[in-house]
Amino acid sequence: MIVMNDKYILAIESSCDETSASIIKNGHEEIATVVLSQMDTHANYGGVVPEIASRMHIENITMVLEETLMKSNMTMDNMDAIAVTYGPGLIGSLLIGVEAAKTLAYIYNKPLVPIHHIAGHIYANNLEKEMEFPLIALVISGGHTELIYMKENYNFKRIGGTLDDAVGEAYDKVARVLNLPYPGGPLVDKLAFEGEDTYDLPIPLDDNSYNFSFSGIKSAVINLRHNEEQRGNEINLENLACSFQNRVIKILTKKTMRALKEYNVKNLIIAGGVAANKGIRNEFVKLCEENTINLTIPPINRCTDNAAMIGAAGYYAYKLNHFGDLNLNAKATDELH
Ligand code: KG4
Ligand code: ZN
């Protein structure tokens, strides 16, 4: 039943290689979501090929939107606003979602709500349980590694982030060195559980800042493999995966737990594709229990890109009148604000 005060957001996400649409009620209830992943296509090339991604978004966006509406048993007239990821991401991919959202907003005369992709990842947690403030959000994905302080809904203060590679990017590059197919992150995670921490790798950027750096440890893994091969030694892939993963866990947990303490925050949320990592999840669960921190991590299907998270963020942006107009443009890079 549709009640007057309920707000329904139709959301669109197309920033990388997933074409997705979703209908979210009141910022926390998922009515229907469709995610069409292009992963199998890009796996043939060892990574996302931007031109192929945008072409596939064009082919799929109408179908994904129609299927979402069909699954919801609702019509465009029932929607209160259209939310869309405007950035950051691949510009050609973002443009397809933004143009689709603008077209729908124009035809059906609905407000347009532009959403920052990272805000979406954070609000994936609101679909699990209503987020409590103040909180610290650790966003770890293929494109981002960010520590964010939120005093209240839709108030983001970036306290640190990666200076070079994102953590997911480092996982994927290490995976390539271990001869694993793309995307290698989940496979490194799996191997890590079968090995032991035997390789002497550096803890990346172990300093007093809230910034991260993963290019050094990635190079250390590449060099180690190269040197061992030249000496005619065989690499133990499981042990190397385990040693790498342990250093990543160490630095992510150390800086995040320090941020919670310094900002006197009792709520931690973890978001983004790498939040699917079992080793990272397990360690945060343990540390948060020990320190009585409220921890929320979305289920794995809401860690990777999807439009449900954009619809959840979209509701709060809508309530704050964060509207775009028909001049809205996609942005490959943009600060979270
Ligand atoms: O959030 P996402 O779907 O896309 C971006 O916005 O970047 O994240 C994808 C990233 C890839 O780098 C993938 O390898 C990584 O998340 N990933 C993982 C795991 N599952 C996905 N990395 C480490 N361990 C995992 N279990
Ligand atoms: Zn993402």
Side-chain angles (χ1 to χ4, degrees), residues 11-20 22 35-40 42-43 46-48 50 53 84-91 93-94 97 115-125 137-146 148 161-162 165-178 180-195 212 214 217-218 221 241-242 244-249 251-252 269-284 297-310 312-313 332-334 336:
I12 300 174
E13 155 66 41
S14 69
S15 66
C16 190
D17 61 341
E18 269 91 21
T19 320
S20 181
S22 180
V35 181
L36 211 151
S37 174
Q38 310 170 0
M39 189 123 73
D40 290 347
H42 297 291
V48 177
V84 62
T85 308
Y86 71 92
L90 300 172
I91 191 73
S93 293
L94 286 163
I115 300 294
H116 191 285
H117 185 71
I118 296 297
H121 273 303
I122 292 173
Y123 275 87
N125 286 278
L138 172 67
V139 182
I140 40 180
S141 75
H144 303 274
T145 309
E146 319 263 352
I148 290 147
T162 185
D165 289 355
V167 63
E169 196 179 345
Y171 263 95
D172 293 338
K173 286 179 181 165
V174 164
R176 209 179 288 182
V177 180
L178 304 183
L180 301 170
Y182 175 85
L187 302 166
V188 174
D189 186 16
K190 190 163 169 282
L191 277 189
F193 276 85
E194 294 163 15
F212 300 96
F214 294 103
I217 186 165
K218 171 201 70 189
V221 171
C242 177
F244 167 74
Q245 177 141 310
N246 276 2
R247 298 306 172 279
V248 171
I249 293 172
I251 200 64
L252 288 178
I269 64 176
I270 308 187
V274 185
N277 183 282
K278 271 220 303 290
I280 295 172
R281 289 172 94 101
N282 291 352
E283 189 61 16
F284 270 111
I297 315 178
I300 288 175
N301 66 331
R302 291 214 183 108
C303 286
T304 46
D305 292 348
N306 64 83
M309 66 188 199
I310 304 301
T333 55
D334 198 29
L336 174 59

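Whatever order the structure lists them in is the order used to number ligands and atoms, beginning at 1.
Shown in contact with S141 at under 4.0 Å from a heavy atom are these atoms of ligand 1, numbered in order with element: 1 (O), 5 (C), 6 (O), 7 (O), 8 (O). Residue G142 has at least one heavy-atom neighbour below 4.0 Å for each of these atoms of ligand 1: 5 (C), 7 (O), 8 (O), 9 (C), 10 (C), 12 (O). The A276 neighbourhood of ligand 1 comprises atoms 20 (N), 26 (N), with distances under 4.0 Å to a heavy atom of that residue. Heavy-atom contacts of G143 reach the following atoms of ligand 1: 7 (O) (cutoff under 4.0 Å). With ligand atoms numbered from 1 in the order given, ligand 1 contributes 6 (O) to contacts under 4.0 Å with heavy atoms of H117. Annotation for ligand 1: atoms under 4.0 Å from non-hydrogen atoms of G185 are 14 (O), 18 (C), 19 (C), 22 (N), 23 (C), 24 (N), 25 (C). Interface atoms of ligand 1 facing T304, defined by a heavy-atom separation under 4.0 Å, are 3 (O). In the vicinity of G168, heavy-atom distances shorter than 4.0 Å reach the ligand 1 atoms 12 (O).
Metal site remark for the Zn ion (ligand 2): H144 contributes no N, O or S atom at a distance under 2.8 Å. Between the Zn ion (ligand 2) and C16 there is no N/O/S contact shorter than 2.8 Å.
Ligand 1 lies less than 4.0 angstrom from a heavy atom belonging to P186. Within the structure, ligand 1 has H121 among the residues with a heavy atom less than 4.0 angstrom away. Residue-ligand proximity: K278 is placed with every non-hydrogen atom at 4.0 Å or more from ligand 1.
Looking at D305 and the Zn ion (ligand 2) together, the shortest N, O or S contact belongs to OD1.
Inclusion of G273 in the set of residues having an N or O under 3.5 Å from an N or O of ligand 1 is warranted. Checked against a 3.5 angstrom limit, the closest N/O atoms of H144 and ligand 1 fall outside it. Checking only distances, Y171 never comes within under 3.5 Å of ligand 1, N or O to N or O.
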(request) Let me see the working for Y171 and F244 under ring pair (Phe, Tyr, Trp, His ring centres under 6.0 Å), right down to the final yes or no. (result) CA-CA 9 Å; Y171 263 95; F244 167 74; 5.0 Å; yes
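Contact detail for N306 and I310: the closest heavy-atom pair is O-CG1, 3.8 Å.
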